[in-house]
2 protein chains.
Amino acid sequence: MSEIRQSSPRRGTNLPRMGDFNLTVILDAIRRTSGGLSRVELAQIVGLSPQTISNISRRLLDQNLIVEAGKEGSGPGKPRTILRLNPKGMYAVGVHLDPAVTTFVVMDLVGSVVQHARIDTPGGNDPSAVIATIAAQVARVVEESGVDQDRIAGLGVAAPGPIDLDNGTVVDPPLLPGWDRVELRNALSEATGYSVLVDKDVTSAAVAETWAGGPSGAGSFVFMYMGTGIGCGIVLNDEVIRGTSGNAGEIGHIMVDPDGPPCDCGLRGCVKSSCIPQVLVAEAEAAGILNGTRPGNSGAEVQQSFARLCELADSGDERAMAIIDKSATLVARAISVVTNTLDVERVVFGGPFWSGMADRFLAKVPPLLEANSAARLIHPIEVVGTGVGEDVGAIGAASLVLEHTLAPRAQRLLLEN
Amino acid sequence: MSEIRQSSPRRGTNLPRMGDFNLTVILDAIRRTSGGLSRVELAQIVGLSPQTISNISRRLLDQNLIVEAGKEGSGPGKPRTILRLNPKGMYAVGVHLDPAVTTFVVMDLVGSVVQHARIDTPGGNDPSAVIATIAAQVARVVEESGVDQDRIAGLGVAAPGPIDLDNGTVVDPPLLPGWDRVELRNALSEATGYSVLVDKDVTSAAVAETWAGGPSGAGSFVFMYMGTGIGCGIVLNDEVIRGTSGNAGEIGHIMVDPDGPPCDCGLRGCVKSSCIPQVLVAEAEAAGILNGTRPGNSGAEVQQSFARLCELADSGDERAMAIIDKSATLVARAISVVTNTLDVERVVFGGPFWSGMADRFLAKVPPLLEANSAARLIHPIEVVGTGVGEDVGAIGAASLVLEHTLAPRAQRLLLEN
DNA sequence: TTAGGGGTAACCGTGTCTGAAATCCGCCAG
DNA sequence: CTGGCGGATTTCAGACACGGTTACCCCTAA
């Protein structure tokens with residue numbers, strides 16, 4: 001429905017916008033503090049007067065977005081009333097459209113998944129059939145979740161890039177034949193009746209981290225999405241960076257290995273050609289570590305083989321270890337490029353392939369990153385794995401809606417139209 | 001003085017902030033339209049009501065930031081009163097602290113330089129002596145410019161990185177021995193009495209483009225600063241990206257040539273080791289194209305030699321052409337990494353070494369960038385040379401002050417403290 | 001019971017935006 | 001030469017959100 005990105009020239013702001021913005025600021029403060037906050041604490045944190053906090057709290061209570069949850073009295077005086085997010089206050093539906101599987105979640109306000117479904121992405125090259133299937137499945141998960149329709153803020157879709165954010169279209173993604181400039185947003189909006197937001201899978205994952213990832217989703221970070229490909233989502237000062245057309249985070253052609261295999265871009269040792277799971281699996285098969293029974297082109301097969309490779313590495317197979325560790329080194333080089341370009345304070349790993357490699361990467365990557373950091377004398381770079389889990393894509397898709405509705409984006413203040 | 005970057009958690013906003021912000025929005029709209037704007041046009045552009053525009057216009061007129069400049073009547077009705085920036089309404093002083101030369105400018109509101117000076121950066125490793133020299137020279141250029149002290153909004157300093165934005169310090173830059181964590185901001189503030197902003201040279205250059213660069217300084221772009229080193233300044237949606245500590249834009253270790261020379265980072269063919277002017281000059285000397293009389297380590301010598309190399313290339317020397325063209329190819333690869341990561345719409349070249357290579361780069365880089373662009377099906381990437389000229393650093397430094405005071409940054413809306 | 005802190009209500013003031021109405025200005029028809 | 005016209009701009013209330021103050025109630029520990 002509404003646009004995600006802003007259009008120049010910059011537009012002014014007015015009173016109602018300000019009120020709404022302050023509301024989201026307070027909600028954000030509550031959201032980011034595990035255990036909730038009292039009104040006095042809020043006043044101190046967001047800098048508004050106690051009255052204003054009181055007024056806005058009432059609005060939030062009326063909207064059922066927060067609840068009063070007990071009291072906390074340390075010394076004398078009236079104990080503070082703790083305000084907490086009301087998980088049942090708002091829900092969003094998220095769809096991760098992956099070439100192999102499509103995942104559906106219904107997520108509540110605190111980022112918990114209340115309903116979950118997964119189907120094989122229908123093959124063929126008829127997007128409209130896929131869209132119909134998605135719409136039907138969305139209706140089903142909502143039905144099964146038992147959530148009141150009125151409480152569902154909208155539907156978010158995470159799609160593989162490239163996308164066109166302005167039109168909500170998917171533009172010719174490599175692994176979805178026939179999907180050239182499909183108007184995903186409009187079609188789904190019409191088919192489901194929800195307001196729909198489409199974004200790139202890696203961006204969605206980053207949004208998932210800001211919304212459901214706890215403290216590691218605050219401030220400035222890069223979300224490294226380890227999927228069929230490797231991409232990143234970028235968050236600077238708590239705001240998601242999407243780029244002109246929503247395609248930020250394309251790092252597949254960062255060169256990381258001068259002695260690497262040739263890439264379709266004409267160079268050698270790009271991320272895409274030297275450290276994505278498919279390549280590692282192929283390497284392992286070529287070296288006889290894995291018995292390559294099939295071509296292994298399908299997503300599911302690669303995922304299985306890669307899981308086996310990771311198991312081998314964890315159980316001490318030196319050759320498997322070498323493959324994973326080398327990929328960690330190469331990925332770290334790519335990340336260095338991004339962190340040095342953007343000077344972020346944190347790198348968050350995640351995605352469907354992450355869990356298997358987590359231990360080795362978390363041991364290997366931080367020192368490499370630190371050594372290559374241009375700002376290492378000023379601040380360290382934290383490296384963590386996401387707490388969001390394997391469904392980051394779908395959870396991120398749902399988070400897109402909540403973020404768009406409830407996050408204190410500066411954008412919200414600006415007039416539209 | 002005041003901070004440039006924001007600190008989480010996000011704080012609320014209030015009425016006065018809103019008013020100030022809208023004022024900057026209107027000023028920004030006027031600034032970006034050559035020929036000025038009438039009130040009605042402004043109302044349409046920024047989305048505020050004509051009344052509000054009128055009120056704010058009066059404030060701006062009272063502050064002498066804008067002037068009424070003639071009328072424009074097309075048909076019947078009262079002709080529109082054109083509002084234009086008043087160049088003499090505000091000034092800023094900019095200092096570009098480069099290891100070789102230090103440049104000073106006094107700049108007016110429209111980005112014109114009204115006074116200019118250049119001195120050799122004092123050698124030795126006593127920063128305090130350098131700071132004293134700078135302070136004295138600042139006083140002199142202001143004196144010579146004849147500008148009223150009250151109209152000077154502040155002093156901006158562009159320094160080589162790494163820097164620590166929070167403290168306004170320069171942290172151990174490679175070419176300034178003895179400058180480890182020098183409190184440049186505080187020292188200069190005390191010595192000159194102005195409010196001082198310190199930022200990285202490449203960031204300053206990007207800010208110069210937004211402020212004094214005309215249409216190429218709008219929207220989202222990357223400013224490629226071709227100096228002793230190569231770095232970039234990043235602007236997304238009209239807001240400068242500085243990173244956690246102000247060190248964004250470090251691209252020196254992006255690998256661009258798998259067969260390139262070894263780099264101090266342990267890899268091969270980094271930007272820093274394969275396409276900065278010093279390397280190209282050395283290559284040319286080794287090949288006998290330039291007669292390498294001296295080691296050529298000093299900045300001035302490299303600049304001269306490089307200028308000669310560019311002249312040779314322009315006059316048809318095939319070997320010189322090859323060197324420049326190859327460096328264009330390599331630089332284009334690095335830019336591709338950045339543009340794909342950030343999905344920007346424009347690349348702006350500039351910096352002290354730019355003019356010599358401009359023609360060849362502008363012919364060579366765009367098609368390479370286009371070919372490697374992940375979003376090439378959605379939008380093109382514009383490539384232009386800056387209109388700001390050789391003093392981007394100093395002009396950018398001055399622009400830092402104007403940007404901080406007058407640009408409609410979302411930051412401005414947020415409460416502090 | 002008292003002291004002290006949390007939270008709400010009520011009021012006024014300030015500053016901003018919005019909407020309606022009045023004013024201003026130059027062209028143009030008569 | 002003059003009055004009407006239409007668009008630009010300003011004036012004049014409202015509406016609204018926050019800031020500050022005061023009063024008041026609530027609650028708990030001492």
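Letters go in sequence order (proteins before strands), and every chain restarts at 1.
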Rounded to whole Å, how long is the line connecting atom [atom1] of [X] with atom [atom2] of [N]?
X        : N      : atom1 : atom2 : result
Ile82(A) : dG6(C) : CD1   : C1'   : 11 Å
Ile66(B) : dT9(D) : CD1   : P     : 12 Å
Ile53(A) : dA9(C) : CD1   : C1'   : 17 Å
Leu42(A) : dT8(C) : CG    : P     : 11 Å
Gln44(A) : dG6(C) : CD    : P     : 10 Å
Leu61(B) : dT9(D) : CG    : C1'   : 13 Å
Leu83(A) : dG7(C) : CG    : C1'   : 11 Å

Heavy-atom protein contacts under 4.0 Å, nucleotides 14-23 of chain C, coded B base, S sugar-phosphate only, - none: --BSBBB---

Indicate, with a heavy-atom threshold strictly under 4.0 Å, whether Arg17(B) touches base, sugar-phosphate, or nothing. nothing

Given Ser216(A), which of Arg346(A), Glu382(A), Glu209(A) fulfils the side chain to side chain donor-acceptor pair (under 3.5 Å) condition? Glu209(A)

Tell me every residue that passes side chain to side chain contact (heavy atoms under 4.5 Å, CB included) with Thr33(A), counting only those two or more places apart in sequence or in another chain. Leu37(A)

OP1 or OP2 of dC24(C) sitting under 4.0 Å from any side-chain N/O of Arg80(B)? no

Would you say Arg39(B) places a side-chain N or O within less than 4.0 Å of OP1 or OP2 belonging to dA8(D)? no

Do the side chains of Leu85(A) and Leu27(A) get nearer than 4.5 Å, heavy atoms only? yes

With sequence neighbours left out, the residues meeting salt bridge (Lys or Arg N to Asp or Glu O under 4.0 Å) with Glu68(B) are Arg39(B)

Go through the side-chain N and O atoms of Asp343(A) and Ser245(B) and say whether any donor and acceptor fall under 3.5 Å apart. yes

Roughly how far, to the nearest 0.5 Å, is CZ of Arg412(A) from CZ of Phe21(A)? 8.5 Å

